[in-house]
Each structure stands twice: as C-alpha cells, then as structure tokens.
Amino acid sequence: MIKTPEEYEHRQIESKWRKRWDEENPYEAVVDEGREKRYILAMYPYPSGKAHMGHVACYTLGDVIARYYLSKGYNVLNPMGYDAFGLPAENAAISGGIHPSEWTRNNIGLIREDLKRLGYAYDWSRELSTCEPQYYKWTQWFFLKMFERGLAYKTDAVANWCPSCGTVLANEQVLSDGTCERCETGVQTKWINQWFFKITDYAERLLDDMKLLEGWPERVLTMQENWIGKSHGAEVGFELESTKERIGIYTTRPDTLYGVTFFLLAPEHPLVDRLAEENGKTGEVDEFRRILQGTNRFERTSLEVEKTGVFLGDYVINPVNGERVPVYTANFVLYEYGTGAVMAVPAHDQRDFEFARKYDLPIKVVVQPSGETLVPERMTAAYEDAGVMVDSGGFTGMESEPGKEKVCEYLEQEGAGKRAVNYKIRDWLVSRQRYWGAPIPIIYCDKCGIVPVPEEDLPVILPEDLRLAEGGKSPLPFSESFYGVQCPRCEGEARRETDTMDTFVDSSWYYFRYASPHDDSMPFDLDEARYWLPVDQYIGGIEHAILHLMYSRFFTKVLFDMGLIDFTEPFTRLLCQGMITKDGAKMSKSKGNVVSPGEYMDKLGADTLHLYILFMGPPEISKDWNDRGVEGAHRFLGRVWRMVLDRCLPRLNEGSDADCGRGAHLEMRSLTHMTIKNVTRDIEQYAFNTAVSFIMELVNGIYEYTGEDAVTSPMVVREAMETAIKILSPFAPYITEELWEKIGRKESVHKEPWPEYDENLAKPLEITVVVQVNGKVRDKIAAPAGVHEEEMKALALGSESVRKHTADKEIKKVIVVPGKLVNIVVQ
RNA sequence: GCGAGAGUGGCGGAAUUGGCAGACGCGCGGGGCUUAGGACCCCGUGGUUGAAUAAACCGUGGGGGUUCGAGUCCCCCCUCUCGCACCA
C-alpha cells in the first residue's frame, strides 16, 4: 500500500499547539534561587489594533533569545503586557464615538490574539495592562514617592499648547512642522502651571552611569549624552546700570568676555517687561512679542529665521573691563537654557555676529587665529575657534584655551562669577490635560494648599463612565464626583487634581511590575525583583532611544535611592531592532503599503513569519519586506518537513552504524557538529540571519546524505535530524514541536537541552590549500586537515599551474598560512 | 552645520585576527519527475573575452597608500541613511 505523503499543513499544526500552549502556559517563570536567571524583555506594545510587522520583528528577536536561554538551562522570565493609556484612545473616542476604555480593551484583545498565534514563549500569567487600577495604583504611588522626595513639583512653565485641543502636548506629540499630531493646528507656546519630575537632579548620574551600559548600542548612548548636553563654562554677573542689580549669564567662552558689545535677554525673561516699561519701550516689545506668538517654537528656533530683537533702553556693565553695553531682547535667546540671559560676543559667536550686523552693533575681536589677523569690518562670519587672546586686559597674549581657566580664576577672585556646569536636559513635564491616563494623586485645599493623596486611599480611580467633553477635552474637570473631595488634612472641601500623567510615567517602571504583577501591597515584591531584575536583555525600537529609556533609567535610580533595589541601571543589554519597510518606505495606511502579520499567518504560518523576519538581515538594520523572500522561508520549512518525514524517518530502520566513522557518514556527522557550533555562536552574537543559513546548509547536507541510492547509518541520520529540529526550534517553534512529536519524542522540543558539539567533529575533515603566485590565486589543492607547513609548501610548488606561472622567474619568498594558503612571490 | 552609521552580484545579505570575495536565500537558466506544473528533487548562476565545466583579465562607492596579500588597515573625496539642530 502506498502511503500518501503527509504535507506540511501549517494551519493545522499551529492551531493544535497554540491551543495546548494556551491551556498549559508552558513558559511560566518561577523563582529558583538555584538556577541562574535571564530576564528577556521586549518593549510592550501600545494596543492600537492588531499586531503589525514592527511588533513581529521585535518580539521574534526576544523569542529566539528567550527560547535559546531556556534550552541552555537558564530560568527565563519573558513577559508581555500593554501600554494601555494614551492619546489614540481619546482620538478614537472623538472620531468613532467609542469610549477610550472600550476601544483600548478591544484592541488588547486583538493584539493578544495575534501574539498568541505568533506562538511567543511568554509567561502569560504575568500579563499586565497600565490602564487597570491594580497597575496605575502603583504609578500613582510612585508619584507620591517622587513628591515626598521633592522630585515632583508644580510650577509655571512654557509648554506646547494646542489651542484647538485645549491641552499641553509633549514635544513628541508635536509634528516636525510644528503642528499638533491630532488636529494639525499650529502649536503655540503657553505659560501653564504644570507638574514636573526633577530629572535634572539626576543629570550627572544619568551621564556618569553610561559607563555601566557596555551592552548598549553606542548610538543610543551618544543620543542620550547629547540630550543631557553637559557643558563647562562660567556663570558671570553683569550689573544693570539703572538699578545696579545683578543679572547672571552662563557662557562656555569666558575667554571672550572682553569682546562683549551687547547683552541679550530671552523674550520670556521677567526683566524684559520691567525694563520696557521703565524706558518707554512697551509698545515695541509688545509688537515684537506679538510676532513671536504667531510663530511656534519650531519656527522660532529654526536656523533660517532672521535674528531680531528690541533695544530695552538700559545698559549693563561688563565686570572685567567696566564697559557699558546695551541690553536687547532677542528671538533666538532661549529662556529655558542657562539663565535666559546671554552676553553677546559678535566677533566669536555666529548668532551674535548676525544680530550685530543687522542692528549695526560694534564687533570687537578678542581672539586672533594664528596666521591671520581678523579685522571686524572685513569679517563675514564669527571666528569661533581657539586662538590668542588680544585686547583682553591682563590676559592679552594668552592662548584662549588655558585663558578660559584663567578668566574663571579671576572672576572668582573678584566675586564677579564662578566656574559653572550647565545641562541641556530639562525637567520632565508629566501633567497632561487628558482623560485617558493615570490621575495625578494630588488634592488642592484652600487651607492646606497642595496635599498628596494618602497612600491608603490609592488608587485614585479614573472614572470610566464619563464621556469626553466638548472639543475632545478631558471630562475630569467637569465631573464633580471626581474632583469634589474632602481634604485629607483638614477634612474641609477640596478639589482633586484633574490632570493625568504622561504615559511615559506608566512605562518607566512596568519592567519592575512583571516581577510580581499581582502584588497588592507593593508595586513589586522585593524578593522577586531581587531575583529577576535587572532586565538582562531589553529589545525595542530606536525611537525610544532617549525618552522612554532615559525616564526608565531615572526611575531606577530613584528606586535605588529609596533603598528598594541594589542596582542603578534597569537594562543590562539593549538591542534596537531596525524598521521593516515595504518598497523602501515606512509602512502606512495612507501609502497603502502595509503588510499585515495576520494575513501571512493565514497564508504561510507564524513559523514562516518568524523565520523570514530573522533571515532578512541583522536585527539592527532596517529591512525591506519582500513577498518572494517570505515564500522562500515557507518553502524551507516545507523542505524541513519532508526531510524528516520522507528522508529521515524511513531510514532509521535501514542500514547499519558499522561504517559511521568513515566516508559520507563521517562527513554528515562533521556537518552536524559544525552546524551546532556555528549556530550556537551566531545566536549568542545575535547573528540570527547567518544562524538560519547554517541550518539551511545542514538541511541541504541531510538531503544529500539521504539521497536515493545512498547507504545511511541510522545513528547518523538520527543525530543529524534531531539536531536540525532542535536548533531550528527557537526560529520556528510550531513546526519543530510537531516534528519532535512525530519522531517519537515525548518532551516538548523547547524544553530539551541545547545540543553540545564534539570539537573534533566540528572541524572540516579536509582543507583546501589556496595557492597564490604574487597574490593571485593559481590553484586550489585539497589536503588533509592536519597538513604541515612544509607539506603545504611542497604541494604548492608541485602544482602544474604554479610551475607555469613561475617558469623562468626567481622565487623570492614563499609565505605559508597554516591550514589555509601558500603565496609564492616571484620576480 | 555638528554627531553617528553605512556603501559588496539583478535583489536581501555572508566573509574570526588582513589570507579562496559573493556563504545562505530570492530571482534567473537548465535537467529530472509529471497529463500538466507556478509543487517537488538535482545542477548551474559576479562581469568581460571564449565553443569550453580550458584559459585570461576585471571586480566590494571613487582616488591614493601600507603589505607577499586589502571588502577588511591608513589618508583624501563622493553618495546615502539616521539622530541633534540658534543650548550661548
């Protein structure tokens, strides 16, 4: 009877195991002090709908790593959850009339379904969602801890304001053209009273601890370093001529202090109004400000924008030379950086130079480059490099670099200033005038002022029975049942804070919560956290290089300071996966180039998707989706299927093991062991694309070994087949599980140990000696693996092709690279 | 402008320490099997010249250099991608 060959039916196989895995949660993580742990974490998704290719790319990387370490005997924690608060849920409520909570929970259902179909090795019992009160109770708890430690404070600040949405926006919610990502209205700047986290207190530690982050990509560290933006310089006081009050400035160029010819204040600086009033400049200043109001911060800070300003009618005195210089307000001076006031040195600062030319202000050269002499009238740009100080009192003749130090010393002696360090990083604005977020646990009482919600009253529940107010505004300020509250201190009438927290607060600590997601008494169990954390391998998109990763580092340091943990960095290693594009462009609905994982899971299977996405290229580069390529991956899995069922299984009862140390049998064994070696090394280096190609070579080799008329050894066939299935298992979890069962193994393939290789077998049996004459390949000669240098040389010189190329020439030198190559140098 | 990274066949991409450039896959060509094949199995496939699976030459963005030998190291230039962008 002829048996119809069983085909590779991915649908049937994947639904069978999916069901079993669903029931058994086979990757449940349990603390085991006797075993070494690995915490593998891929950034949790924002549930905007079904999974997209970016998710698949990220989570498949985590899956391979988790499954590999499981097989290597580690105790692996690999959890998943949802970043469930945020703006898109409110947008959906506005456009679709669906409540944010319903929209979010529906979407969680959709993406969970996709993630389960994708077959990832998660411990589903640890699933969490940031919009559930059990979770955000602790987000609020952290806010209280920040408040207790003086790290949460409320103040007036300049913020991005969308007049149409009636709320502040985070910088990342403002598009690059300066419009609101939701309604495309031009974003304005506005002064609002807001809650901040004092991340600037941690600037130095965030910078300093980067040396601990050896497992992070260099570019992420560079981006964070630039973001923190530490600079060294001096703080210098200039005296206002009219009132003698001191105005501090920050400069990185104290060596140019003698070149100051005017003085600038940011338009937002409080002194601007006063000086304008005192000197009858109010009209001009108001007009200037009115023009600035019309432009948003992005336009205002664009390099192309002309530098403009208004003279405020007053002067300041330069502390080093007593010179009197005019005070202006100027568009390009930032209030948020330094002191919001700057000394202007047009000869040595391009911005000041442009401003001076426009308003015909004097330019005074105080640093001369070597080899030329700058003359102000002939300068077309500022000279910003180092040189020799001139016209600088006692410092004249000094090199400008050491001059900086000397000027600082002098300033300190005179009490006019001091050395200072400045950072670009600003405090983290955490308030949002939004509904769908964790309420800030603060109460305002007329008598007691700002009162934190007592810990035992947490969580402050976000009422889910409210509808968005008109214009999409948060309903919280209009809901008396929410904001009306008794003061916890005086029991008088009080109001709740109606702002919610930035969703980056939720995600700054979720990786701690996975340690004990159901704990009701603490944000995380200290013992569980001590065992599992820090995260050994974090995986996610490069777009979070600064915000999320920096905030998480900040939170971790605060937790350390609170004595809850004994480490200061949350993520030991970081892998940033590249984008998946289609036709060279980012996938988007508007471009119509979206490829959806669901479609491919139906057509080709989850395994195919895993395999292809890994095979496309190295994890960190961006990769273009190709339908032919994904079909190739599917074809390979079919080939593996047939290899096991049609080629290998029938041969397990054929032939003998008598000759398995010779000829084709030995070659097969050698290939098997070499493949284990190569795949193991490549997985450890995260070179998954080449790991897959080595498995492909093994499969090709097994086909060759089990060819139609070939005599095979059952032991060799079994070893090769089982190895192939096992090492493929992290890349294609379903088909390998099914095949493992089909070959009669009882345990899950994913719980089987990773194979070891025999070093003697994992070496090529024969080497090819490449013979060159003057660096050009002239022959290739097969030789036994252990061939000696002298033998190689003799082989090379005996080659016919070599003789042809060396005839009538003098052999000057013979270079032998053991086991590889002989180069004969002739003249 | 500043910072980081990358340029390898028709395509995605491989190449420990300088040592066979193009592994593996896609695509393409040929063969087998077949009523048929867009399934499957096998073979071939950087370019030029050539009947050739002979032989030679050329080939890793461009130019120069070091070396017996360079995709890899050094210098100059070009292009692309990403990040930051008036931070005083």
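By convention in this document, chain letters (A, B, ...) are assigned in the order of the sequence lines, proteins followed by strands, and residues within each chain are numbered from 1. All values below come from the heavy atoms of this structure, side chains included, with hydrogens, waters and symmetry mates left out.
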[N] and [M]: how far apart are their [atom1] atoms, nearest whole angstrom?
{"N": "B/C40", "M": "B/A55", "atom1": "C1'", "value": "38 Å"}
{"N": "B/U49", "M": "B/G32", "atom1": "P", "value": "30 Å"}
{"N": "B/U81", "M": "B/C76", "atom1": "P", "value": "24 Å"}
{"N": "B/C82", "M": "B/G64", "atom1": "P", "value": "32 Å"}
{"N": "B/U60", "M": "B/G47", "atom1": "P", "value": "15 Å"}
{"N": "B/A14", "M": "B/A21", "atom1": "C1'", "value": "10 Å"}
{"N": "B/U79", "M": "B/C24", "atom1": "P", "value": "37 Å"}
{"N": "B/C57", "M": "B/A39", "atom1": "P", "value": "41 Å"}

Would you mind telling me which of [options] lies closest to the side-chain atoms of [X]?
{"X": "A/Thr222", "options": "B/C24, B/G3, B/A88", "result": "B/G3"}
{"X": "A/Lys424", "options": "B/C87, B/A88, B/C41", "result": "B/C87"}
{"X": "A/Glu697", "options": "B/A88, B/C20, B/A23", "result": "B/A23"}
{"X": "A/Arg351", "options": "B/C86, B/C40, B/C24", "result": "B/C86"}
{"X": "A/Phe332", "options": "B/C86, B/C57, B/C24", "result": "B/C86"}
{"X": "A/Arg778", "options": "B/A88, B/A23, B/C57", "result": "B/C57"}

Quick one: which residue pairs count as a side chain to side chain donor-acceptor pair (under 3.5 Å) with a foot in residues 215-225 of chain A, not counting sequence neighbours?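 Of all non-adjacent pairs touching residues 215-225 of chain A, those that pass side chain to side chain donor-acceptor pair (under 3.5 Å) are A/Gln224-A/Arg553.
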Can you tell me the distance, in whole Å, between the [atom1] atom of [X] and the [atom2] atom of [N]?
{"X": "A/Ile695", "N": "B/A23", "atom1": "CD1", "atom2": "C1'", "answer": "15 Å"}
{"X": "A/Met550", "N": "B/G83", "atom1": "CE", "atom2": "C1'", "answer": "13 Å"}
{"X": "A/Glu354", "N": "B/C86", "atom1": "CD", "atom2": "C1'", "answer": "9 Å"}
{"X": "A/Glu766", "N": "B/C20", "atom1": "CD", "atom2": "P", "answer": "18 Å"}
{"X": "A/Leu221", "N": "B/G83", "atom1": "CG", "atom2": "C1'", "answer": "14 Å"}
{"X": "A/Tyr703", "N": "B/C43", "atom1": "OH", "atom2": "C1'", "answer": "17 Å"}
{"X": "A/Glu218", "N": "B/G5", "atom1": "CD", "atom2": "P", "answer": "8 Å"}
{"X": "A/Glu543", "N": "B/G83", "atom1": "CD", "atom2": "C1'", "answer": "13 Å"}

Would you tell me if any nitrogen or oxygen in the side chain of [X] comes within less than 4.0 Å of OP1 or OP2 on [N]?
{"X": "A/Arg639", "N": "B/G25", "answer": "no"}
{"X": "A/Arg642", "N": "B/A39", "answer": "no"}
{"X": "A/Lys813", "N": "B/C68", "answer": "yes"}
{"X": "A/Arg628", "N": "B/G27", "answer": "yes"}
{"X": "A/Asn226", "N": "B/A85", "answer": "no"}
{"X": "A/Lys307", "N": "B/A88", "answer": "no"}

How about A/Phe353 and A/His348: are their ring centres within less than 6.0 Å of each other?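 Between A/His348 and A/Phe353, which both carry aromatic rings, the centre distance is not below 6.0 Å.
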Is it true that A/Trp641 and A/Phe636 have ring centroids separated by less than 6.0 Å? no
Quick one: what's the B/S/- string for nucleotides 8-19 of chain B, heavy-atom cutoff under 4.0 Å, read 5' to 3'? ----BSS--B-B
Each nucleotide of nucleotides 30-37 of chain B classed B (base within 4.0 Å of a protein heavy atom), S (only sugar-phosphate) or -, in 5' to 3' order, makes --------
With sequence neighbours left out, what residues match A/Asn774 under side chain to side chain donor-acceptor pair (under 3.5 Å)? none
Can you name the residues that form a side chain to side chain donor-acceptor pair (under 3.5 Å) with A/Thr329, not counting sequence neighbours? none
Quick check: does any side chain N or O of [X] sit under 3.5 Å from a backbone N or O of [Y], one acting as donor and the other as acceptor?
{"X": "A/Asn331", "Y": "A/Lys307", "result": "no"}
{"X": "A/Asp779", "Y": "A/Ser799", "result": "no"}
{"X": "A/Asn593", "Y": "A/Lys582", "result": "yes"}
{"X": "A/Lys418", "Y": "A/Val236", "result": "no"}

Over 60° means perpendicular and under 30° means parallel, so classify the ring planes of A/Tyr359 and A/Phe355, tilted if in between. tilted
Measure up the A/Phe238 and A/Phe263 rings against each other and bin them: parallel (under 30°), tilted (30 to 60°), perpendicular (over 60°).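 Tilted.
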Locate the shortest heavy-atom distance separating A/Val717 from A/Arg651; write the atom from each residue and the value.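 Taking A/Val717 first and A/Arg651 second, the nearest heavy atoms are CG2-CB, 4.4 Å.
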Applying a 4.0 Å non-hydrogen cut-off, can you work out what [X] is touching in the nucleic acid: base, sugar-phosphate, or nothing?
{"X": "A/Lys812", "value": "nothing"}
{"X": "A/His348", "value": "nothing"}
{"X": "A/Val825", "value": "sugar-phosphate"}
{"X": "A/Asp352", "value": "nothing"}

Which is more 5' along RNA chain B, the nucleotide nearest A/Gly638 or the one nearest A/Lys780? Just name the residue.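 Counting from the 5' end, the first nearest nucleotide belongs to A/Lys780.
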If you pin A/Arg219 and A/Tyr423 to their nearest nucleotides in RNA chain B, which one's is more 5'? A/Arg219
Approximate separation, where rounding is to 0.5 Å, of A/Arg357 CZ and A/Thr380 OG1: 8.0 Å
So how far is it from A/Thr690 OG1 to A/Ile695 CD1, rounded to the nearest 0.5 Å?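 Here the rounded value is 10.0 Å.
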Base of B/G9 relative to its sugar, syn (within 90° of 0) or anti? syn
Determine which bases of RNA chain B form Watson-Crick or G-U wobble pairs with both distances under 3.5 Å, and write the result as a 5' to 3' dot-bracket string with | for other-strand partners. (((((((..(((......[....)))((((((.......))))))((((.....))))..(((((..]....))))))))))))....
Are A/Val325 and A/Asn318 packed together at the side-chain level, in the sense that at least one heavy-atom pair is separated by less than 4.5 angstrom? no
